[in-house]
Amino acid sequence: MAAKATRALGATPAWARPETVSHAAAVADRGVRGESDTIFARIHERRLAAASPADRKALEAAVSELGADAAVIARATASGAPLTAVAALAAAWHRLPDTAKDTIRHPAGAGIGSVRFGAIRAVQVDQTTCGAAVMGMMLMTGDPFVAAWVATGRSLGDHLPSECAAALELGARTIEERWQSLQRVLHREATSAALGPLPWPRAYGTPPWRVDNATRFAGLRFRGAMVDDTDGERVAAAVAHASAALRDGIPVPMYTGGDSSGGLDQVVPRHVVLLTARTKAGFEVYEPSSGRVLPLAVDRLLGGGPKEPALGHWTRVSWMVLPRPRKR
C-alpha cells in the first residue's frame, strides 16, 4: 500500500529509475559469475595490492593452503578481519570437521533442500525472529569467522566477531545454542532504536528499515526497496537489482505478506526470506521457518496468488533490501 501511494504521488525511488535499472539488468544479464569475480574477490585483490610484501606473502600462502576452497579466504579478507585471523583460518582449515567446513563454505547450503549446521536444521528461533535468522545467514555468508564460530565454537587468531562475542554472553555452548543466540543478538540490535529513540516492539519481528542499516556484509551499505507487486515495471526493476546483487555474491533479504482482503494486518511485511541464488526460472530462497532453500519462480513475485512455501506460506512480496551502489 505504501509503495502504491508513493507511485501515485509520482515519486520514483532511486533504485527504480530507468538508468539504474538498466545498469542492474546489464550486470545480471552477464550470467553467473565465478568465485574469482565476486565482491569478495575484488575486495581481496584490493587488500592484496595494498599489503606490505610480508602481508602479501601471508595472504597468498593462505589462498594456496585452501586450494579449491580459496574463496573462503577471499570472504575472510573481505570481512575486514585482521591478517592474523585469516592466516589462522587457513592453518586450521584441514583440521576442521567436514561438517564445519561445509557450514563455512556455504552457510545457506549448496542448492535446494534442508539447510543444516552439522546435525541441526537452520530454523528461526520463534515467530518473531525470521528477520534475525535471515540476517544471521547473511552474516555467516559474508563473514566465515561467524560461520566458523557457529559451527565449532572457536575463535581463530584471537579474532571473535562482535556478534559472536555478544551471543557468547548468552551462554551458548552447542551449535544449536550458538545459532539461536546469534539470532537473539541480531534481533535485539535490529529492534533497538528502530523508532528514533524508542525500541521496536520485538513481538512484531524485524522492521525492514533496520535490516537496511544493521546488516554487516563485506563493508557494503544497503537500502530498502518497497515493492508494489501489482506493478510489472517495479517488479522487473526489483528482479534486476536482486539478480545483479546475487551475481556479485550478495544475498538479498526479502519481506513478504498477505493481501488486503485478509485485513490490514496482512498487508504489512510479515515474514522475511533470503534470496540466495539466481536460476533460469527464478531464485533459490532460504526460508527460515522451515530451514530449507526452496525454488521461487519469477512470476510469483507479481500480483499475489496462492500461498507460496518459498515466501513462508505468504502470498505477496512487499520489500527488498538491496546493496547501495558504491560512489565512483
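Values reported hereafter were calculated over all heavy atoms of this structure, with side chains retained and with hydrogens, waters and symmetry mates removed.
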| task | Identify the heavy atoms of P144 and I104 that sit nearest to each other, and give their distance. | result | CB-CG2, 3.8 Å
| request: For the pair R105 and D102, evaluate side-chain contact (heavy atoms from CB on, under 4.5 Å) and give the outcome as yes or no after the intermediate values. | output: CA-CA 5 Å; R105 286 187 194 105; D102 286 343; 2.8 Å; yes
| field | Considering all heavy atoms, the nearest S289-Q124 contact | value | N-OE1, 3.1 Å
| query | Within the distance-only criterion (no hydrogens, no angle test), does the side chain of E177 pair as donor or acceptor with the backbone N or O of R173 below 3.5 angstrom? | reply | yes
| request: Could you tell me which non-hydrogen atom of T315 sits nearest to which non-hydrogen atom of G258, and how far apart they are? | output: OG1-CA, 3.7 Å
| Evaluation steps, side-chain contact (heavy atoms from CB on, under 4.5 Å), between V63 and H44 | CA-CA 10 Å; V63 168; H44 176 80; 3.8 Å; yes
| query | Regarding S114 and R292, is there a side-chain donor-to-acceptor distance under 3.5 Å anywhere? | reply | yes
| message | Quick check: is F40 connected to L48 through a chain of hydrophobic side chains (ILVMFWY, heavy atoms under 4.5 Å apart)? | response | no
| said: Treating S52 as the side-chain partner and D55 as the backbone partner, does any N or O pair qualify as donor plus acceptor under 3.5 Å? | reply: yes
| task | Please test L170 against R184 for side-chain contact (heavy atoms from CB on, under 4.5 Å), starting from the C-alpha separation and ending with a verdict. | result | CA-CA 9 Å; L170 300 180; R184 291 188 175 99; 4.2 Å; yes
| request: Look only at the side chain of R116 and the backbone of A119, and say whether a donor-acceptor pair between them is shorter than 3.5 Å. | output: yes
| query | Under 3.5 Å, side chain of S64 to main-chain N/O of E60, donor-acceptor pair present? | reply | no
| R42 and D248 ion-paired at < 4.0 Å | yes
| request: Could you state whether V123 and V285 fall into the same hydrophobic cluster, counting links through intermediate Ile, Leu, Val, Met, Phe, Trp or Tyr residues with side-chain heavy atoms under 4.5 angstrom apart? | output: no
| request: Check each of V150, V146, V134 against L139 using the side chain to side chain contact (heavy atoms under 4.5 Å, CB included) test, and report the only one that passes. | output: V146
| said: Tell me the closest heavy-atom pair linking P107 and A147, and the distance in Å. | reply: CG-CB, 4.4 Å
| query | For the rings on F145 and H159, is their centre-to-centre separation under 6.0 Å? | reply | yes
| task | Using the test ring-ring contact (aromatic ring centres under 6.0 Å, His included), find all partners of W149 that sit at least two apart in sequence or belong to another chain. | result | none
Side-chain donor-acceptor contacts of residues 79-87 below 3.5 Å, not counting sequence neighbours, with atom names and distances?
from, atom 1, to, atom 2, distance (Å)
S79, OG, A76, O, 2.6
S79, OG, A81, N, 3.3

| Closest heavy-atom contact between T129 and V125? | OG1-N, 3.0 Å
| Whether Y286 side chain and M138 backbone form a donor-acceptor pair below 3.5 Å | no
| query | Does A151 offer a backbone N or O that forms a donor-acceptor pair with the side chain of T103 under 3.5 Å? | reply | no
| task | Could you check L246 against I250 for side-chain contact (heavy atoms from CB on, under 4.5 Å), going step by step and ending with a plain yes or no? | result | CA-CA 5 Å; L246 290 165; I250 307 166; over 6 Å; no
| Strictly by modelled atom types, are E287 and H271 linked by a side-chain donor-acceptor pair under 3.5 Å? | yes
| said: Under the criterion salt bridge (Lys or Arg N to Asp or Glu O under 4.0 Å), I'd like the reasoning laid out for D143 against R216: C-alpha separation, chi angles, the key distance, then a yes or no. | reply: CA-CA 9 Å; D143 190 337; R216 181 171 70 81; 2.9 Å; yes
| note | Nearest heavy-atom contact between A214 and E189 is O-OE2, 4.0 Å
| task | Check the pair R300, E308 against salt bridge (Lys or Arg N to Asp or Glu O under 4.0 Å), reporting the backbone distance first and the verdict last. | result | CA-CA 8 Å; R300 285 298 284 112; E308 173 63 52; 3.0 Å; yes
| message | Would you say M320 ends up clustered with V298 if hydrophobic residues are merged whenever their side chains have heavy atoms under 4.5 Å apart, either directly or through other cluster members? | response | yes
| request: Using atom types as modelled and distance alone, determine if a side-chain donor or acceptor of R324 lies under 3.5 Å from a backbone N or O of F222. | output: yes
| query | Is a side-chain donor or acceptor of E65 paired with a backbone partner of A92 at a separation under 3.5 angstrom? | reply | no
| request: Would you confirm whether R75, through its side chain, and T141, through its main-chain N or O, come within 3.5 Å as a donor-acceptor pair? | output: yes
| query | Side-chain heavy atoms under 4.5 angstrom apart, residues restricted to Ile, Leu, Val, Met, Phe, Trp, Tyr: same cluster for I73 and I39? | reply | no
| field | Partner residues of F117 under the ring-ring contact (aromatic ring centres under 6.0 Å, His included) criterion, sequence neighbours left out | value | W179
| said: Taking the cut-offs as 6.0 angstrom to the six-membered ring centre and 45 degrees off its axis, would you call R278 and F283 a cation-pi pair? | reply: yes
| request: Could you tell me whether K101 and D69 make a salt bridge, using a distance below 4.0 angstrom between a side-chain N and a carboxylate O? | output: no
| said: So does L311 get a backbone contact from the side chain of T256, meaning a donor-acceptor N/O pair under 3.5 Å? | reply: yes
| said: As a quick check of understanding, evaluate salt bridge (Lys or Arg N to Asp or Glu O under 4.0 Å) for R234 and D229, giving each step before the final call. | reply: CA-CA 7 Å; R234 195 58 58 87; D229 69 354; over 6 Å; no
| query | Do you reckon L294 sits in the same ILVMFWY cluster as L302, going by side-chain contacts under 4.5 Å, direct or chained? | reply | no
